[in-house]
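Beneath this line is the structure, given in structure tokens, with notes to follow.
Lettering of chains follows the sequences in order, A, B, ..., and the numbering in each one begins at 1.
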Amino acid sequence: AAADKPVVGLAMKSLANDFFKNMLEGAEAHNKKRGDYELKAIGMQNETDFESQVNGVENFITQGVDAIVIAPADSRAMVAPLKKAMDAGITVINFDVSLDEQAKKDAGIDLAFVGPDNRLGAKMVGEALAKDLGEGGKVVIIEGNPGADNAAQRKLGFEDAVASGKLELLDSRTAHWETEEANSVFSNMLTAHPDIQGVLAANDSMAIGVVKALDAAGRKDIKVVGFDNVPAVAPLLKDGKLLATVDQFGSQMAANAIDKALEVVAGGPKLEGWIKTDIELVTKDNVK
Amino acid sequence: MHAIDNTPSNDSRDKQMPKMSMKLVLRDAGIGIALLLLIAFFSLSTQHFLNPNNISNILTQITINLILAIGMTFVILIGGIDLSVGSILALCAVVGGTVLTIPDLAVWQAVCLATLAAMATGVVCGLFNGWISAFWGLPSFIVTLGMLNIARGAALQVTDARTIYSFPQTFNDFGSKMVFGVPVVFLIALALVALAWFVLSKTVFGRLLYGIGNNEEAVRLAGHSLMIYKVAAFTIAGALVGIASIIYMARLNIASPIIGIGFELNAIAAVIIGGTSLSGGRGTVIGTLLGACIIGVLANGLILFGLSDFMRQMITGVVIILAVIIDKYRERITAG
Amino acid sequence: MHAIDNTPSNDSRDKQMPKMSMKLVLRDAGIGIALLLLIAFFSLSTQHFLNPNNISNILTQITINLILAIGMTFVILIGGIDLSVGSILALCAVVGGTVLTIPDLAVWQAVCLATLAAMATGVVCGLFNGWISAFWGLPSFIVTLGMLNIARGAALQVTDARTIYSFPQTFNDFGSKMVFGVPVVFLIALALVALAWFVLSKTVFGRLLYGIGNNEEAVRLAGHSLMIYKVAAFTIAGALVGIASIIYMARLNIASPIIGIGFELNAIAAVIIGGTSLSGGRGTVIGTLLGACIIGVLANGLILFGLSDFMRQMITGVVIILAVIIDKYRERITAG
Amino acid sequence: MTFSTSGPSVLFAQASTLSRPILELHDIRKSFGGTVALNGVNLSVNQGEVHGLIGENGAGKSTLIKTLCGIVKPDSGTITLAGQAYSPQTPRDAKARGLQVVHQEFNLLPYLSVAENIFIEHLPRNIMGVVRRRHMNERARVALDAIGLTDIDVRWPVERLGIAHRQLVEVARALMTDSRVLILDEPTATLTSRETERLFSIVAELRDRGVSVIFVSHHLDEIFRICDRVTVLRNGETVFSRTIGETNQDELVRGMVGKQLHKEMANDVVSSARSDVVLSLAKFRHAQSPHHDGISFDLHKGEILGIAGLVGSGRTELLRSIAAAELPVSGALVREGKVVKLHSPKEAINAGIGFVTEDRKDQGLILTMPIAANVTLASLSDVSRLGLLDRKAEDATTTRLGSDLKLKYGGPSKHVSTLSGGNQQKVVLAKWLARNPRILLLDEPTRGVDVGAKAEIYALIRRLAENGLALLIVSSELPELITLCDRIMVMSQHRIVGEMARADFSEEKILTYAYQGERRKTEH
Ligand SMILES: Nc1ncnc2c1ncn2[C@@H]1O[C@H](COP(=O)(O)OP(=O)(O)OP(=O)(O)O)[C@@H](O)[C@H]1O
Ligand SMILES: Nc1ncnc2c1ncn2[C@@H]1O[C@H](COP(=O)(O)OP(=O)(O)OP(=O)(O)O)[C@@H](O)[C@H]1O
Ligand SMILES: [Mg+2]
Ligand SMILES: [Mg+2]
């Protein structure tokens, strides 16, 4: 390895889905374009296996990387290993999901966050649904993995929208981010509450499962919103089967964070606070 | 047993025959009773359970698990286990999905080719599982645990972790087609159950699978090659995973390399709740059908019942155990 | 055979003994060889593998799996299996974590109470697993599959899916403490291995566990109560999960209800790669230690080797299978 | 059987008639589903006597024993032990009250050591619960030496032992604890005469110490040699109990089968052996054999060739190698003039070789499957078309062979596990007869088979030979070989040490050959 090129360790939650895959590709393209650093990326086999991300960070420290750019698997469990990295003189940038403020304070570290506001995004898409349904619209939430930080944020955002749009929340259940489970769980919710008017799905994979369940039940009157803007939902948005989703520009997120990291490594000023990245509501009108 | 005649006397046999078949019926009946209890409970306690729409929902929802569980029945009957079905499902789906989205093919061509490709993928994985475990005499638990990782890695590698979508519309429609209120995909699964039942109970091949599960050495010494039958059981399981993957795609219109995680445990649960012995040699595919129904009814009923997600999970665990306890209890009673 | 004297005759047997103990050594050696091959490969092909830091990383990383695998060895030796360890880990952690964060306790009090609470939780779950399967004669596969759901649901229910954190700093520090470059948590695991080895190979209790795995009916006919031993094996596994959960918390400084998913498969893999027979009655905890090392070295080495995640997963699968094949091959050679 | 051992002289003195009953059974009944196994058994065993328990296969002997040791609960009836009511719920209760049993089917732990198996009931331990291994091994050594099992190491796992050695290990285990009543369910079925003699001397010693022994056997000569009293069971009922001096073989047999035995047991039959050789071995060597030149012999069409030998002389392994259950390491097997190389049992069967194994439970039968399925297991192509089973044909085959073999069974669809030991053995035979082999290898074909059934099997074997089948029979019962065979070879230490034609048959001669080989070994 050329000693003059700084090494950046990119730690992501998973490489096994579209969202993080886009993110990695964005980072790789960025790496090729800049050409002045070396990129090492790791993912986890299972999004709840926090330990393997801790292991990954420890391995980065052993390899002596110059910067670690991390989308934490858990906002608290990652604090200790990242502190260890910082103590070893490694620049750490936190993106995608913010580390927990309290945990950071307890550990005595100060770390900026580069990333989107999940809760705001969820609120945005929830409000789009509220606007469509009008006050008193009956909705259900399909949650992400219980215990996952972004799932919790998105649920809060949905609940914000329910409150501000004066919607009626009939039920809220997890489908563990999965299409097939969302399909089953939602079919069953629909049986229990035939009067559902709108569905807030915490990611697009689950939204796809919900849309299929509506197709199967022949219900065209129910509106669905998702999150992430994965390529597979483009046709659904165009057909009007999906009302809206949120784009967090994942492909640029990692690249941006790496830029920030390299600035610090090159002697730039320390980052502080929350450097918010773009989020955008995607509907029929602006889908690509 | 008193009169010592050396041919089975007809009178005593005739007396015993109805009793025997009663017992055979009762064998599956234990599970059937558990299922009926569940259905009765949810019918009384929830409003929509017996609604025809809900019934067809349930049938759709158990289809994939049922098909996987049929294959698992073959494997468990010979005393094996297959932990890799979930991963193989993903691999079959991405292979099938890739074929399905080849441009410039007529829909029927694309569907036929995709089905063939998915089944071929499943067959290859099954052959690998069966051959490695039979040839080296390794426990299938560990071989299929390896395959679980291999097939998942391969599915991610060939798709580069991307979801495949945009399947032909007629194909997608097929996934939610109904005949007299019964989902077509469930009818396919039912046909597979019937076929498996026939193979297992009426053919020489099935007889030997049971034999191997009971006493492998006796079957070997009676002049049969164990290898063929073991490999065949895993291969059948693989082929069924291929079929399940096509149905998965028709239902959800996507093929993703991360689908099917944990499906193996559901399939195994269906088989065991259905009364098949994990050590092999005993069980029926009808039991498996009932087992899959129990799991499906439970998942559906508990949501209608309005239980929280976490309570639902706990109760699912309790019912899995209760179902086998009921089965055991009935066995004790009828045996005594 | 001719002179019948009642004192042990020595001649013929002394000749055969060295051969026997050589064989016993070789039994674990097959797995040891596989491990050495892996280590040699990674040492040569990657830069940082033999770096002391990396070694202690690996040791830390295998600790949890090793502790779970020790308990799994007990269960598998009696011919059972425990699919619930991952879920029980989460339940123990949230219970222990709750105790750990009780305000106004001195650190040592909190840690002691938390350890007790976590172990008690594990013991209760283990008792349940063991008692239900022994009393009803149910396959432990299905009972622990039920427990997998029950414990997970309970962990989510008691925490309402929230993560518990803010543990005492000294507790957190303990998770990354080193003695001469060896992580303290690994030393604890090693001590548990030694204890388990002693219990299994030196005590009456241990020998009867092996006996049950060999031929449960024979042990029963010899006048022993199977119940006690079966329940004990699962309870030991549960208590070890409790210990593992404390180490998990010390290492990651959180207790979350969603940790531990899939850990059971890793633990089972370690046990089986370590040469313990899935049908029970044969195997050692030393083998389990080696099996856990193989898994840990592989996970670490493949990352250092710079392989893509997906390739890594495939290769992990291949190595799991290869490890048992090597073991089988060696067995065939030494047997001939 | 007349020959002397170098062991302690065998004392078969008439029992010191301490006619105090220690164990009394009154009107014990037990049915399994529709099958009545015990239909009112009465039995009284005195202290310090050896009590023989005999009866046909399926008469209920093993079931009776299982009720005594807490495995099977009787439906009705009372048992008193030493004057007190006795109703054991578990094997543990039975042991606590001083009953020890050697069961008919093996109950060993294959991967544990011989010593651990012997001590499994009470592993010697210190206060920490740690096994005192050296102590255990030494005591196990003494125990094995005492029953004459000197050539195995107590540290070996039991899986390395042959079937007779396993039986002896079980006996050793039962002898480890002092008991009031020792029950032996067909312990001699797998033993050769040398081990049997040894066992008898031990039984005699126990009796002299006041222990009561219940002894089950199908060998009436053994009953007369060792028992003080004998009880005959038939169809789950007690027929009579007699002091041994008041009865004779004929009466016992009549009691067991309810009729006089025919002359099948006699040895005046004309040989049906012909001149054409159907199987010939040349320097045939199996994996365990220490000899380079292996084994060579010819087997003729219609011939019944017996192989005698002491336990562990390599007879089973020879048969297994011929049947390709294990592959031989060198040498040639010639079938009807052609050298054939057999790689699997399948090929052996296709070459017309059938193999009845000595261990029916582990290698012969699928216990939890129907009788019909077991009978047709080796000939499935005859009862199927295009891979579809023809149940009618299957049942017909079963019924036909069942009546040929005088099988006592409830129906073709009953599980084999519901049959008594001897009837199970007949199912194994039926399986091979259904296949119609040219050569049939039989390893201990009448193990656990009662006198009546034995006679039937002998007649059947002769009939088969007359029809041109070549039979190779390994048996540890010399009278069996002498009755049946046209020619007997004696094996010792994995080689053939002697051969004799029918005219020269005698037990003495066979045993002399058998021990010759042994002596040669110890002289080295
Ligand atoms: N578990 C069982 N279920 C059904 N029937 C049984 C069972 N055990 C024994 N029997 C039946 O009870 C009868 C007596 O069998 P048992 O084993 O006691 O005979 P046995 O006298 O020991 O014969 P053998 O000399 O062949 O060992 C047989 O008809 C047998 O089929
Ligand atoms: N797995 C094994 N490991 C070591 N030695 C063995 C093993 N199996 C058999 N032997 C030994 O091989 C020899 C031949 O055994 P074999 O079973 O062929 O004898 P046999 O004459 O048929 O006696 P039996 O009456 O016990 O059937 C014996 O000395 C036996 O102890
Ligand atoms: Mg018997
Ligand atoms: Mg033999």
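Only the backbone of L307(B) comes within contact range of chain A, with at least one heavy atom under 4.5 Å from a heavy atom of that chain. With a 4.5 Å cut-off on non-hydrogen atoms, Y248(B) touches chain A through its side chain but not through its backbone. There is no contact between V211(A) and chain B, counting heavy-atom distances below 4.5 Å.
Residues E25(A) and D160(B) have side chains in contact (heavy-atom distance under 4.5 Å, counting atoms from C-beta outward). The shortest distance between side-chain heavy atoms of N253(B) and I208(A) does not fall below 4.5 Å. Taking 4.5 Å as the limit, some side-chain heavy atom of R162(B) sits within range of a side-chain heavy atom of N22(A). A heavy-atom distance below 4.5 Å is not found between the side chains of E180(A) and I259(B). When side chains are defined from C-beta on, S308(B) does not count as touching R173(A), because their heavy atoms never get closer than 4.5 Å.
Atom-to-atom distance recorded for N57(B):CG and S184(A):OG is 8.5 Å, nearest 0.5 angstrom. A distance of 11.0 Å separates CG in L252(B) from CG in D215(A), rounded to the nearest 0.5 Å. The CG atom of N188(A) sits 12.0 Å away from atom NE2 of H48(B), with the distance rounded to the nearest 0.5 Å. To the nearest 0.5 Å, atom OG1 of residue T60(B) and atom NZ of residue K212(A) are 10.5 Å apart. Separating the CD1 atom in I58(B) from the OG atom in S187(A) is a distance of 10.5 Å, to the nearest 0.5 Å. Atom CG of residue L156(B) and atom NZ of residue K21(A) lie 8.5 Å apart, to the nearest 0.5 angstrom.
Per-residue counts of heavy-atom pairs under 4.5 Å with chain A were compared for D173(B), D309(B), L304(B); the largest is that of D309(B). When the candidates I254(B), N51(B), N53(B) are compared by the number of heavy-atom contacts under 4.5 Å with chain A, I254(B) comes out ahead. The most heavy-atom pairs under 4.5 Å with chain A, out of R251(B), R312(B), Q47(B), R152(B), come from R251(B). Annotation: maximal heavy-atom pairing with chain B below 4.5 Å, among A232(A), A192(A), A216(A), occurs at A232(A). When A213(A), P231(A), S172(A) are compared by the number of non-hydrogen pairs under 4.5 Å with chain B, P231(A) comes out ahead.
For the residue pair N54(B) and T191(A), a side-chain donor N or O sits within less than 3.5 Å of a side-chain acceptor on the partner.
Of the possible polar contacts, none joining the Y165(B) side chain to the V233(A) backbone as a donor-acceptor pair under 3.5 Å is found.
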